[in-house]
Amino acid sequence: MAPNNIKDPAAFPTKQLIVLGICRFSEPIAFNSILAYSYDMVQDLGISELDAPFYAGLLVSAYALAEACTALGWGAVSDVYGRKPVALIGLVGVAISSLIFGMAKTYWVALLARLIGGALNGNVAVMQTMVQEMVKNPAHEPKAYATQPFVWTLGGIIGSAMGGYLAQPAHYYPTVFSKDGIFGRYPYLLPNLVAVVCILLAILQGVFFLEETSPAYQQQQQDHQHAISDEIDETTPLRRPRNRASFIRESHTSFRSRSRSVINSIRDVREEIRARRPSFLEESMPLPIAPAFDIRRTSFGTMHSIRLPNDNIHHPFRRADASHTPRKTFNYTVVQITVVLVLLAYHQMSYITNLPVYLQQKRDPHNPNSTGLDLVGGLGYQLPDVGTFLAVNGFIALFIQAVIFPWFVNIMGVWYSFVSMIVLYPTCYLIIPFFSALPPSLVTPSIYFSLCLQSFYAIIVFPCALILLKNATPSPLVLGRVNGMAMSATCLARTVGPPLVGIIYAIGGSAASWFSLAIVAIIGVFQLFWVPREDGVGHVEVESGLKSAMHHNDHGDIESIHESVFEE
């Protein structure tokens, strides 16, 4: 609903970012709740305990796969019909998917619900584009983009806890929910129903308060207002005698002129958006960092603004050194760093989906009374415990990203942060199979220790890899292509990882699945020998974009505006 008063286009769009943030906040509530109970759910739907890890991982990946297949189509629709309708339709799709998923009586209905939700959700690219179009002052971009990962993480924390505490309510809260009632017949409906209510509230406030940001739509509105002001003013009689043929001719000419203008505008915007937007996106994955990154921005998937020293990529009109041979777009360094990102994405995502299965599975099913080291079964926790672990993991990730990341990277520098995290990463997976041999009082602290390691490694290494990728890109004109390739590759790795590790878990047991992730991480260590160290990236300045967004001032200095302008 457009406001009546005239707004300063250069002002920070606080109200609109809040409205969009509420829409954004509602999605991970639905996405993350499935993690806690997917292992139990697939068994209740008729899948054997042996095959449950694979089918649980497939449920998680199905959404991202369908989302990725339709993201470009929804992006094209938003170019023509506007961002707001597509964003709201995406929320409706998530709500429908959640409702069907919660009432599913067979596994294939549950899988179909996930596919429908991913196919109908166009928000994967649209909301990121809306933030870009809301911000008219380039100096405000870091502050605006910092709000999105923060809101997503908060929604994920609530979603994780909700899935653990609200699933199977008739079993865990028999005095409140009857086993013969609706939540007894549909044990996974309650968390999805709560998610649907949150999404419907987000849709309602979006209908009334979210403004359209599409440049083509805004141009059309301006042309329409100009046409009205040219034909009618306060001196125009209510009934003007006009020649009918002249009126029709002028109306037809005016209509064709406006239509041609709108069509040309839509074409221009479509080409611009397609050139700027990565070609393959997914945001339904519960990760410590934002899965939808964009190396053309200064955030690099974090809630910070990161300044690179001697960042020549920001200045497209600066002439290259004649002594250097022009580099290819997908040069050797770009390819090698993309391989690093693929390996990281694979084992990071697989860890997040494999951990709830390991936590919930009983000890070795063939020897349930066994004690000591168990390399086949799990730890035997209950659903509320798993929800607590996942929710606390979200707070751990927030703390590391907000406090530890700026301090660590500022001291260590990008390259040494990047290398050290990759070298240490295998330890996160190698220690987990031995938790079963610990005294009961030490198992829970050990799980939290593992979560801290995973979040620390992921939050430090992934942005550093993106910084190195950007530094290796030969020209700002091809940043979108490089980003699109990296995004596509990492998305594919995240989609393939969970079901593949689930198969390993089903065949070889829990230890085999964790050791398989350790092997992939060790491959990443050896792959470092082929990653060239790029010159020009040393110590960086990490500015808290979130803090800036919460205490923003609207006077940006000329230098920051200059850098932001050339960032694109």
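Everything numeric here is computed off the predicted structure, so don't read it as measured data. Only heavy atoms go into these numbers, but all of them, side chains included; no hydrogens, no water, no symmetry mates.
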Evaluate the side chain to side chain donor-acceptor pair (under 3.5 Å) criterion for residues N393 and S160: first the C-alpha distance (whole Å), next the side-chain angles of each, then the deciding distance (0.1 Å), finally the verdict.
CA-CA 9 Å; N393 184 45; S160 299; over 6 Å; no
Could you walk me through whether T427 and Y457 pass the side chain to side chain donor-acceptor pair (under 3.5 Å) test, one step at a time?
CA-CA 10 Å; T427 61; Y457 295 155; 3.1 Å; yes
Scanning both residues in full, the closest heavy-atom pair of G497 with Y346 reads CA-CE1, 3.4 Å
Once you round to the nearest 0.5 Å, how far does CH2 of W514 lie from CZ of F435?
9.0 Å
I need the L343 CG to I523 CD1 distance, nearest 0.5 Å.
7.0 Å
Hey, would you say the F389 and Y448 ring centroids sit under 6.0 Å apart?
yes
For I396 and C452, work out which heavy atoms get closest and say how close.
CD1-SG, 3.8 Å
Search all heavy atoms of V334 against all heavy atoms of N331 and return the closest pair with its distance.
N-OD1, 3.0 Å
How many angstroms lie between atom OH of Y39 and atom CG of L355, to the nearest 0.5 angstrom?
13.5 Å
Once you round to the nearest 0.5 Å, how far does CD1 of I337 lie from OG1 of T333?
6.0 Å
Can you confirm whether C23 sits close enough to L91 that some side-chain heavy atom of one is under 4.5 Å from a side-chain heavy atom of the other?
yes
Do L111 and Y55 pass the side-chain contact (heavy atoms from CB on, under 4.5 Å) test, and can you show the C-alpha distance, the side-chain angles, and the key distance before you say yes or no?
CA-CA 9 Å; L111 183 64; Y55 286 98; over 6 Å; no
Verify side-chain contact (heavy atoms from CB on, under 4.5 Å) between M134 and L20, making sure each step is shown before the conclusion.
CA-CA 10 Å; M134 286 176 183; L20 188 64; 3.9 Å; yes
Within the structure provided, determine whether R114 and I34 are in side-chain contact (heavy-atom separation under 4.5 Å).
yes
How far apart are the closest heavy atoms of Y505 and Y358, and which atoms are they?
OH-CA, 3.6 Å
CG of L528 to CD of Q336, rounded to nearest 0.5 Å, is 10.0 Å
Determine whether L210 and M130 satisfy the following criterion, side-chain contact (heavy atoms from CB on, under 4.5 Å), listing intermediate values before the conclusion.
CA-CA 10 Å; L210 185 62; M130 291 184 76; 3.8 Å; yes
Is the cationic atom of R494 (NZ for Lys, CZ for Arg) positioned less than 6.0 Å from the six-membered ring centroid of Y351 and within 45 degrees of its normal?
no
Does the Q16 side chain pair with the main chain of E211, one donor and one acceptor, at a distance under 3.5 Å?
yes
Nearest heavy-atom approach of Q348 to Y429 is N-OH, 3.9 Å
Indicate yes or no: at least one non-hydrogen side-chain atom of V60 is less than 4.5 angstrom from one of M349.
yes
May I ask you to test the L341-L466 pair for a side-chain heavy-atom distance under 4.5 Å?
yes
Are any non-hydrogen side-chain atoms of V496 and S61 less than 4.5 angstrom apart?
no
Interatomic spacing from CG in L430 to CD1 in I519 - rounded to 0.5 Å:
9.0 Å
Would you indicate whether the side-chain heavy atoms of L398 and V403 approach each other to under 4.5 Å?
no
For the residue pair V520 and S516, establish whether any side-chain heavy-atom pair is separated by less than 4.5 Å.
no
Which label fits F529 and F526: parallel for a plane angle under 30°, tilted from 30 to 60°, or perpendicular past 60°?
tilted
Take L451 and V392, measure what side-chain contact (heavy atoms from CB on, under 4.5 Å) needs, and give me the verdict at the end.
CA-CA 9 Å; L451 292 170; V392 172; 5.8 Å; no
Nearest heavy-atom pair of P406 and Q401: which atoms, and what distance?
CD-O, 3.5 Å
For S417 and G413, indicate whether the former's side chain and the latter's backbone hold a donor-acceptor pair under 3.5 Å.
yes
Mind checking whether I431 and L453 have side chains closer than 4.5 Å, heavy atoms only?
yes
Verify, without hydrogens or angle tests, whether K84 (side chain) and T213 (backbone) share a donor-acceptor contact under 3.5 angstrom.
no
If you take the centroid of each ring, where Trp contributes its six-membered ring, are F408 and F456 closer together than 6.0 Å?
yes
